[in-house]
A.B. asks: 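Can you read through this structure? Questions will come right after.
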Amino acid sequence: MQNEFSPALLVLRDPLGSGSGESGSRFDAADPDALVVSALDLGVTRGDGIFETITVVNGMPQALDAHLHRFARSAGMLDLPTPAHETWKKGVFAAVDSRPTVDEAFVKLVYTRGIEGSGIPTGWVYLQQSPDFTAERTEGISVVLLDRGYSSSVQRTSPWLLQGAKTLSYAINKAAAREAQRRGADDVIFVSSDGYLLEGPTATIVLKLDDRFVTPRTESGILPGTTQQSIFEIAAVNGYRTAYEMLTPADLRRAESSWLVSSVRNAAPIREIDGEARPFDAGLTEAINAGLAARTI
Ligand code: PLP
């Protein structure tokens, strides 16, 4: 039950490992209500940092290595020191092991540029029980299409815009979610200025189209989704073809089913696009979510 689970916080010590590599840094438990970040931290003042959110099902962090690889990829895109893989992995397990096992929790990893001028990053790991997403997973969500204002070539032409990195600068993503609410919808699918489907503010779009599973190409300036990757693995094992393609709103509208997929909420089927009802396969959605929950890596 929600109120019996107290969140856990671990703080990264010696982030640069005192020159001794991976083994030098470690995570220490801290009071989740304590102030652990300086008011001068660039993560706070500029949103200059990265994060990951990892689902924990029955005490098992899901797709952990995929999340840690993406964490390192985001760090590289922001020219941050590479986060020590094993240290962060131990931090995740230490957080999970510090609390009773629940059906669904999530761990958030945060890594910032630290206090301006210090050159020392700040990091922490936070564990919390997940909200109940049963309604979204079974009844579906309504979405609106919103123009992201960038072309699908943005990653190549303007890498400094950091499209495709999981940065702490999510104010735009949150604003888009509020715009969806203003329009009476639950969520958003961003479309590029040249007319291609991109992603949601916190999720990847997956379509079942012509009996295949398809998702937009990551070169279009979107985050490579760990949940989407797991779904493609589950689909392939079950005999489906999978593909990464440049997709348009017309593809979305003719899809047999479509989902916004992400860690924690998992696969949320899309039941309405810009006010128009869309079909989705409830049985297939249930099988996908069962497959995701059963992941052991
Ligand atoms: N795209 C964006 C912009 C996201 O923020 C997220 C997750 O938060 C995703 C896609 C889905 O990624 P994952 O499935 O790894 O959670």
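Atoms within a ligand are numbered from 1 in the order they appear, just like the ligands themselves.
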A.B. asks: Nearest protein heavy-atom contact for atom 11 (C) of ligand 1: which residue, which atom, what distance?
C.D. replies: Thr204 OG1, 3.6 Å
A.B. asks: Can you report which non-hydrogen protein atom sits closest to atom 16 (O) of ligand 1, along with the distance?
C.D. replies: Ser263 OG, 2.7 Å
A.B. asks: Of the side chain and backbone of Pro201, name the one, both, or neither that has a heavy atom under 4.0 Å from an atom of ligand 1.
C.D. replies: backbone
A.B. asks: With distance as the sole criterion, is a donor-acceptor pair present between the side chains of Ser152 and Asp194 under 3.5 Å?
C.D. replies: yes
A.B. asks: Do other residues, nucleotides or ligands put more than 12 heavy atoms under 6.0 Å from Arg13 CZ?
C.D. replies: yes
A.B. asks: Look at atom 1 (N) of ligand 1 and say which protein heavy atom is nearest, naming residue and atom and giving the distance to 0.1 Å.
C.D. replies: Glu199 OE1, 2.9 Å
A.B. asks: Quick one: CD on Glu179 to CG on Leu146, what's the gap to the nearest 0.5 Å?
C.D. replies: 6.0 Å
A.B. asks: Looking at Leu223, which atoms of ligand 1 are within less than 4.0 Å of one of its heavy atoms?
C.D. replies: 1 (N), 2 (C), 4 (C), 6 (C), 9 (C), 10 (C)
A.B. asks: Can a non-hydrogen atom of Pro224 be found less than 4.0 Å from any atom of ligand 1?
C.D. replies: no
A.B. asks: Decide whether the shortest distance between a heavy atom of Glu52 and an atom of ligand 1 is less than 4.0 Å.
C.D. replies: no
A.B. asks: Of the protein's non-hydrogen atoms, which lies at the shortest distance from atom 5 (O) of ligand 1, and what is that distance?
C.D. replies: Tyr170 OH, 2.5 Å
A.B. asks: Is there at least one pair of N or O atoms, one from Thr227 and one from ligand 1, spaced under 3.5 Å apart?
C.D. replies: yes
A.B. asks: Please check if atom OH in Tyr196 has more than 12 non-hydrogen atoms from other residues, nucleotides or ligands closer than 6.0 Å.
C.D. replies: no
A.B. asks: Give the single entry among Ala203, Ser262, Gly225 that approaches atom 9 (C) of ligand 1 most closely by any heavy atom.
C.D. replies: Ala203
A.B. asks: Looking only at distances, please establish whether an N/O atom of ligand 1 is found under 3.5 Å from an N/O atom of Arg70.
C.D. replies: yes
A.B. asks: Tell me whether the centres of the aromatic rings in Phe232 and Tyr244 are closer together than 6.0 Å.
C.D. replies: yes
A.B. asks: Tell me, please: is Gly200 in heavy-atom contact with ligand 1, that is, under 4.0 Å?
C.D. replies: yes
A.B. asks: Counting both backbone and side chain atoms, is some N or O of Asn173 under 3.5 Å from an N or O of ligand 1?
C.D. replies: no
A.B. asks: Answer with yes or no whether the hydrophobic clustering places Ile270 together with Val261; edges join I, L, V, M, F, W, Y residues whose side-chain heavy atoms lie under 4.5 Å apart.
C.D. replies: no
A.B. asks: With the threshold set at under 4.0 angstrom, would you say Thr202 reaches ligand 1 through any of its heavy atoms?
C.D. replies: yes
A.B. asks: Picking from Asp187, Thr202, Asn289, what satisfies side chain to side chain donor-acceptor pair (under 3.5 Å) with Arg265?
C.D. replies: Asp187
A.B. asks: Can we call the ring centroids of Tyr170 and Phe51 under 6.0 Å apart?
C.D. replies: yes
A.B. asks: Using distance alone, decide if ligand 1 has a nitrogen or oxygen within less than 3.5 Å of any nitrogen or oxygen in Gln228.
C.D. replies: no
A.B. asks: Give yes if a backbone or side-chain nitrogen or oxygen of Lys166 is under 3.5 Å from a nitrogen or oxygen of ligand 1, and no if not.
C.D. replies: yes
A.B. asks: Pick from Asp48, Thr122, Asp41, Asp79: which one makes a side chain to side chain donor-acceptor pair (under 3.5 Å) with Arg113?
C.D. replies: Asp48
A.B. asks: Could you grab the distance from atom CD of Gln228 to atom OG1 of Thr242, nearest 0.5 Å is fine?
C.D. replies: 8.5 Å
